[in-house]
Amino acid sequence: MADDSSSSAPTKTEKKSWADEESDEEVPSPADPPLVGSKDVEQSELNKIESLSISEDKCKDDKIESLSISEDKGKDDKIESLSISEDKGKDDKIESLSISEDKGKNEDEDRDGGDGLLENPEDTDIKAVTTGESVYSSALRFEDLNLSKDLLKGIYTEMRFHRPSKIQAISLPMILTPPYKDLVAQAHNGSGKTTCFVLGMLSRVDPNKKLPQAMCICPTRELAQQNQAVLLKMGRFTGITSFLAIPADSANYVPISKLPPVTDQVVIGTPGTIKKWTSARKLSTREIKILVFDEADHMLAEDGFRDDSLRIMKEIQSSSTAGCQVLLFSATFNDAVKAFALRVVKNGNQLFVKKEELTLDKVKQYKVYCPDELAKIEVIKDKIFEFGQKVGQTIIFAHTRNTAKMLHQTLSKDGYECTAVQGALSQEYRDKIIKEFKDGLTKVLITTDLLARGFDQAQVNLVINFDLPVKYDFPSEPDYEVYLHRIGRTGRFGRKGAAFNLMFSDRDRMIMEKIERHFNHTIPEVGDWQSEEDFEKALKDAGWRMMKSMGELGCGE
DNA sequence: AAAAAAG
C-alpha cells in the first residue's frame, strides 16, 4: 500500500512565492534555486512576526496590553499592528495574542506575475493561545524549523515552496518544539494547513524504525489519498513510507487476517478502516507519537465521526509508551465543536481565526433565484457552464447522491461534458474521476459533500451550489460550516474564485438569508435568471473579464 | 440520508 505514486500532475505555471498544498505546484524547473533569502522573499510583506517571541508577564490581575509597531519598508509603506492581550485564568497562564497585518494596497504586482490571480491570502488575523512555559517564535523560513536536510530538499525541490505561509510560520514551531504539545489549529481554506501537519508527521518519524509512528485520520477516502500524496511528495527524500488505510476495492478484497502487519511509518486513512486494522492487531499503535485529525471539527462532531475518533485516540493513548501529540486542524470550528475540541486537548496550544474573518470575501458569492428545478439546470447550461469551462474548472455541489447522478445524466445527455463522483460509486471509479479532474482532463465535476472538505485543486475557479447545504436533522437550518468548505474549494491560496448559489423556493431564500446574517456578509443576487447581462455583470464584478477577451485571462491553460 | 463501514 505504501506505493510511491505521486499522483500530482504538473499542470501549469503559476507564480507563487509561498508554500501551498500539493496540487498547487509550479512546473518543475530544476535550475531554479529555492528563493528563500532572495529578493523575492525580502520584498514580501509577510511574516514580520518572526521576531515576536512572547514572554509571560505574571501580574496577578487580568491585563491587556496592546502595542502597535509600524515599520517603514521602503517602497510601499506597510504597517503592521499587533496587539497582544493576555488573559489569565485563576492560576494557569494563558496567553492570547492576535496578530493582524495591514498592508498597503499596491504590493501585488511583483508577486503575482501580473496575472491577477493571487491576492493576499495571508491578510488575516490568527489568535494564538499558548499554554505552559513554551515560548514560540514564528518561523520566517523553513530553515528555522530544524528540519532534516532531506525534508528541506523535499520542501524546495518537490513542493517548490519558498517560505512558510502564515499558518505554517506560526503553527510549525508549536508542533515541532518539545515538549510536543497538542494543538488545535484553525486556518482558512487553502492556506496551507496540510503542509503543517504533514511536516509535523514527517519530522517526528524515525526513518530507521519500521513501524507506525504517525497517524492522520480523514473524513473521506479522497482526502486520505490526497494527504498521502502530499506526504509522499514532501517526504520523498526521507525514505519514510506510508500506509493508506482505506477500504480495499471489493474486487480484490483480502481479509485483513491474511495480510502482513503494517510496517510503514505513517498511517493515513479513514476512521472505519483504521479501526479495523488496529482491532485486528495488524496496526501497531504503541509507537505512534503524533496523531492528526484533518477536518477535525467534523471528525469530532456528534453527527460526524466523534465516536470513531475518540476510540482511536484512546487506543493510541493507552498503548503508546511515550505519549502522543494530538493535532486538530480545520478551517471551521463552530462553538459547540470548539468547546468539545478544547476538552479533548485540554492543555494544548490553540490557533483560531476570528469569526468575523472567516467568511471568504476572496470568493465572490452570488445567489440566483430560479422558479423551479428545470430553471436551475438551464442556468447551469446557458449561463455558467461555458464560462466555467473557459476560465478553469468548476465543481457543482448537490445535496444527495441521486441529485448528483440526475444532474450528471441530464447535462451529459445534452452534450455538456462533465463527470460526477459520490460515495455510492465503486472506489475504482471514484479514483478515476478524481484523477481525471486533478489532471485537468475534465472541467466540470458534479459531486456531493464528499468533496466539500479539503479537496485541493487550484484550477477550480467556480463553485455552484445546486442545492444549498442544510443540516440534515434540521433542513430549514443552513449548514454554515459546509457552506464555507464548499465555497472554499475555489479561491485556493488567494486565487480568484466565484460561487453561485441556486435557489428555487422560499425555504432556499430563508436559508440564504441566514447564511448572509451568520457571516455578516451580503451576497448579491443575480436579478434575472434568464438575463445574460445580469450574469455577465456578476462575473465582471467577480473580476473576470468578459467572454470575448477570455483568451487573455491566463487562468485556463 | 453526505460520509464512513460490512467480508
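The chains referred to below are lettered A, B, ... by the order of the sequence lines, with proteins before strands, and numbering in each begins at 1.
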How close or far is atom P of dA5(B) from atom CZ of R306(A), stated in whole angstroms? 20 Å
Respond yes when some side-chain nitrogen or oxygen of T448(A) is under 4.0 Å from OP1 or OP2 of dA3(B), and no when none is. yes
Ignoring backbone atoms, establish whether R401(A) has a side-chain N or O less than 4.0 Å from OP1 or OP2 of dA3(B). yes
Proximity to the side chain of T400(A) - top-ranked nucleotide from dA1(B), dA3(B), dA5(B): dA1(B)
Look at all strands and tell whether R430(A) reaches a base, only sugar-phosphate, or nothing, counting heavy atoms closer than 4.0 Å. sugar-phosphate
Nearest whole angstrom, please: distance from the C1' of dA3(B) to the NE2 of H399(A). 12 Å
N189(A)-R453(A) side chain donor-acceptor pair, cut-off 3.5 Å: no
What is the distance, rounded to the nearest whole Å, between atom CD1 of I434(A) and atom P of dA3(B)? 12 Å
Are F305(A) and the base of dA3(B) stacked, counting only ring centres nearer than 5.5 Å and planes tilted under 30°? no
Think T273(A) has a side-chain N or O under 4.0 angstrom from the OP1 or OP2 of dA5(B)? yes
Look at the side chain of R221(A) and decide which nucleotide, out of dG7(B), dA5(B), dA1(B), has an atom nearest to it. dA5(B)
Could you go through residues 414-424 of chain A and list every donor-acceptor pair under 3.5 Å that involves a side-chain atom there, pairing it with any protein atom two or more places apart or in another chain?
residue : atom : partner : partner atom : Å
D414(A) : OD2  : K381(A) : NZ           : 2.5
Q422(A) : OE1  : A424(A) : N            : 2.8

Under the side chain to side chain donor-acceptor pair (under 3.5 Å) rule, what pairs show up with a residue in residues 308-319 of chain A, not counting sequence neighbours? K275(A)-D308(A), R281(A)-E315(A), T285(A)-S319(A)
Heavy atoms only, 4.0 Å cut-off, all strands: where does P247(A) land among base, sugar-phosphate and nothing? sugar-phosphate
As an exercise, state the distance from OH of Y366(A) to CD1 of I523(A), rounded to the nearest 0.5 Å. 11.0 Å
